[in-house]
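Heads up: the structure comes next, in structure tokens.
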2 protein chains.
Amino acid sequence: MNDRKMHVIKMAHHLFINKGFQATSIQDILEESGISKGTFYNYFPSKNELLIAIIKTLHANMEKERDELLIGQDPTDIDIFVKQVELQLKTNRANKLIYLFEEMYFSNDDELKQFIQKGHLKIIHWLYQRFIDLFGENKKAYFLDLAIMFKGILQQNLKYNALLNEANKSSIYEVVHYSVNRLVKLVDDLATTKEQLLSPALLENLFPEYHNKHAFQQEVAASILELKKNLHQTDQQEKYNELLDFIHQELVQAKVPRKFLIKSVILSLKSEEELFSKDELLKLEQFFAL
Amino acid sequence: MNDRKMHVIKMAHHLFINKGFQATSIQDILEESGISKGTFYNYFPSKNELLIAIIKTLHANMEKERDELLIGQDPTDIDIFVKQVELQLKTNRANKLIYLFEEMYFSNDDELKQFIQKGHLKIIHWLYQRFIDLFGENKKAYFLDLAIMFKGILQQNLKYNALLNEANKSSIYEVVHYSVNRLVKLVDDLATTKEQLLSPALLENLFPEYHNKHAFQQEVAASILELKKNLHQTDQQEKYNELLDFIHQELVQAKVPRKFLIKSVILSLKSEEELFSKDELLKLEQFFAL
DNA sequence: TTTATTTTTGAACTGCCTGTACAACTTTAT
DNA sequence: ATAAAGTTGTACAGGCAGTTCAAAAATAAA
């Protein structure tokens with residue numbers, strides 16, 4: 001994407017969060033970004049498509065940052081989860097993404113509607129996956145319901161916190177923390193009462209590719225965590241952390257992980273026979289064998 | 001309001017729930033209801049005002065029906081609460097009120113925004129009041145948070161139930177029941193952990209008139225329930241139930257309860273000295289003394 | 001029935017909006 | 001220098017909400 005186009009996206013984003021999407025006219029955007037009408041419709045087929053472009057870039061950045069928070073960390077650590085949620089909300093708030101999201105929901109344009117709905121489902125799906133990390137696969141049956149309810153609790157808490165408590169506004173962290181505490185209680189609740197509204201199968205059908213990928217990533221992550229176990233005993237901790245984190249990151253971020261690069265890193269890990277269990281390294285190697 | 005105007009409201013309502021508010025043009029409304037543009041702007045100052053008129057009538061009806069469900073019933077009975085919530089959602093869904101509500105939230109018109117925001121707060125407030133009935137005044141401190149979270153849980157459960165589970169759609173009753181079960185657990189949770197985000201004082205400041213009125217109504221309702229206690233022993237149960245329910249209804253529904261009418265009913269209750277405690281009747285009488 | 005009053009009508013108008021078309025102009029690569 | 005690609009701005013089509021107003025129709029009063 002060329003610089004000029006990026007500039008238009010930036011200025012339009014500015015206008016949208018200040019005036020709202022509907023209330024911003026094409027003319028406003030032209031004046032703000034100093035381009036002509038012809039150029040605008042050369043860049044974007046319509047105002048709606050411009051909005052989609054904006055949200056796509058913002059959303060992609062947010063997802064990347066969020067997933068980076070998990071690299072080299074214990075996925076069962078709930079504090080990391082809190083930080084991830086907080087990050088999403090902060091970038092959301094800064095961009096007033098939520099607002100744009102909701103506003104779009106009522107557009108007459110079907111494409112826009114589809115787009116935003118998929119966005120919401122992606123968030124639910126991410127929560128679902130993280131709940132598997134956090135609370136264990138065995139309670140999986142309740143995690144779709146929990147993801148949905150957690151989203152509701154969080155959204156409403158944020159909304160009314162901003163609305164009713166302007167003077168003494170709690171930080172986002174407090175609201176997230178409070179909401180996560182409720183979530184933990186609801187996990188116990190459902191684990192004992194075994195009530196279920198929606199089966200997770202519904203979600204897994206919607207994201208089949210992601211799903212296999214994620215299961216794979218999870219296994220690798222567990223393997224890497226296992227390998228890190230003995231690391232604190234050595235003075236080379238930093239070095240091996242770097243190597244292991246690299247493998248993790250390459251796996252999570254790259255669309256096509258660089259297989260040979262990873263294999264060569266594993267090879268150098270093999271030289272440290274006392275630190276790393278041979279079996280575990282072999283297992284890790286096999287993940288990239290295909 | 002004249003018949004013709006009502007007819008326009010009805011037809012416009014039809015169009016709004018089928019096509020959406022934004023997507024319905026004034027022209028559509030004119031054609032659908034067979035009036036001229038001149039007449040339309042004679043009835044309503046703008047399209048927005050028409051929408052407000054529609055929602056006001058629908059909302060008033062819903063509130064009336066909802067509150068009627070409680071007349072002559074035990075306010076601590078959670079099944080009644082479930083039925084009330086269900087009723088609201090059913091009329092909401094039938095009217096697609098929620099949808100219109102949310103769509104309006106992103107209008108450029110400030111008046112519309114204010115109006116819808118107040119609507120949401122009224123729902124929160126109603127939940128808050130009912131939680132006092134249901135779970136006792138002593139846990140009151142957590143009921144604003146709980147009302148907010150319950151609204152979030154319910155909304156999201158309904159939304160994703162409709163979205164993901166089209167084939168095997170759970171009835172509204174099931175979703176409400178499930179959500180209320182979570183609520184009950186969260187009441188216990190907060191009663192023990194004593195965590196609080198928002199103080200109920202914030203709500204009470206927003207609805208001061210209502211508040212005194214409600215406390216008063218609650219006392220009367222408790223008094224009437226007390227008087228009903230011995231009623232099952234008699235063959236005149238039906239008669240006295242009718243009388244007591246009348247007092248209750250007059251109190252809840254009438255803007256200015258007909259004082260003398262109520263007093264005369266109480267007088268006829270007094271004749272049954274074995275059934276009704278004299279003290280309780282005196283107490284009831286005093287409520288209307290002023 | 002006639003007259004007076006109120007309500008309704010519909011067309012013409014303002015001013016805003018999104019999106020299209022396109023010939024003239026400018027910048028960038030070859 | 002020439003070709004290709006990108007940019008410009010105006011004119012235009014079609015749609016929207018809302019205003020104005022004189023003429024027509026319905027209703028009420030005499």
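Note that the structure is a prediction, hence the values are computed from the model and not measured. Order of the sequence lines fixes the chain letters, A, B, ..., with proteins taken first and strands second; residue numbering starts at 1 for each chain. Any value given below was found using the heavy atoms of this structure, including those in side chains, with hydrogens, waters and symmetry copies removed.
- Using a 4.0 Å cut-off, some side-chain N or O of A/Ser36 falls inside it from OP1 or OP2 of D/dT8.
- Rounded to a whole Å, the NZ atom of A/Lys5 is 15 Å from the C1' atom of D/dA5.
- OP1 and OP2 of C/dT7 both lie 4.0 Å or more from every side-chain N or O belonging to B/Asn42.
- None of A/Phe143, A/Phe207, A/Phe131 except one satisfies the ring pair (Phe, Tyr, Trp, His ring centres under 6.0 Å) rule with A/His125; the exception is A/Phe207.
- Checking the phosphate oxygens (OP1, OP2) of D/dT7, a side-chain nitrogen or oxygen of A/Tyr43 falls inside 4.0 Å.
- Put simply, the residue from A/Glu65, A/Arg130, A/Arg66 that forms a side-chain hydrogen bond (donor to acceptor under 3.5 Å, both in side chains) with A/Gln84 is A/Arg130.
- Between B/Asp3 atom CG and D/dA26 atom P there is a gap of 17 Å when expressed in whole angstrom units.
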Inset, instruction - Tell me, with the steps shown, if A/Tyr173 and A/Val82 meet side-chain contact (heavy atoms from CB on, under 4.5 Å). - result: CA-CA 8 Å; A/Tyr173 176 80; A/Val82 171; 3.8 Å; yes
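- Distance, A/Ile35 CD1 to D/dT8 P: 7 Å, rounded to whole Å.
- Around atom NZ of B/Lys19, more than 12 heavy atoms belonging to other residues, nucleotides or ligands sit under 6.0 Å away.
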Inset, instruction - Could you run through nucleotides 15-30 of chain C and give me one letter per nucleotide, 5' to 3': B if any protein heavy atom sits under 4.0 Å from the base, S if only the sugar-phosphate is that close, - if neither? - result: --SBBB----------
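- A side-chain N or O of B/Asp28 and one of B/Ser25 form a donor-acceptor pair less than 3.5 Å apart.
- Using cut-offs of 30° and 60° for the angle between ring planes, the B/Phe16 and B/Phe21 rings count as perpendicular.
- Regarding contacts with the backbone of C/dT7, every side-chain N or O of B/Arg4 stays at 4.0 angstrom or more from both OP1 and OP2.
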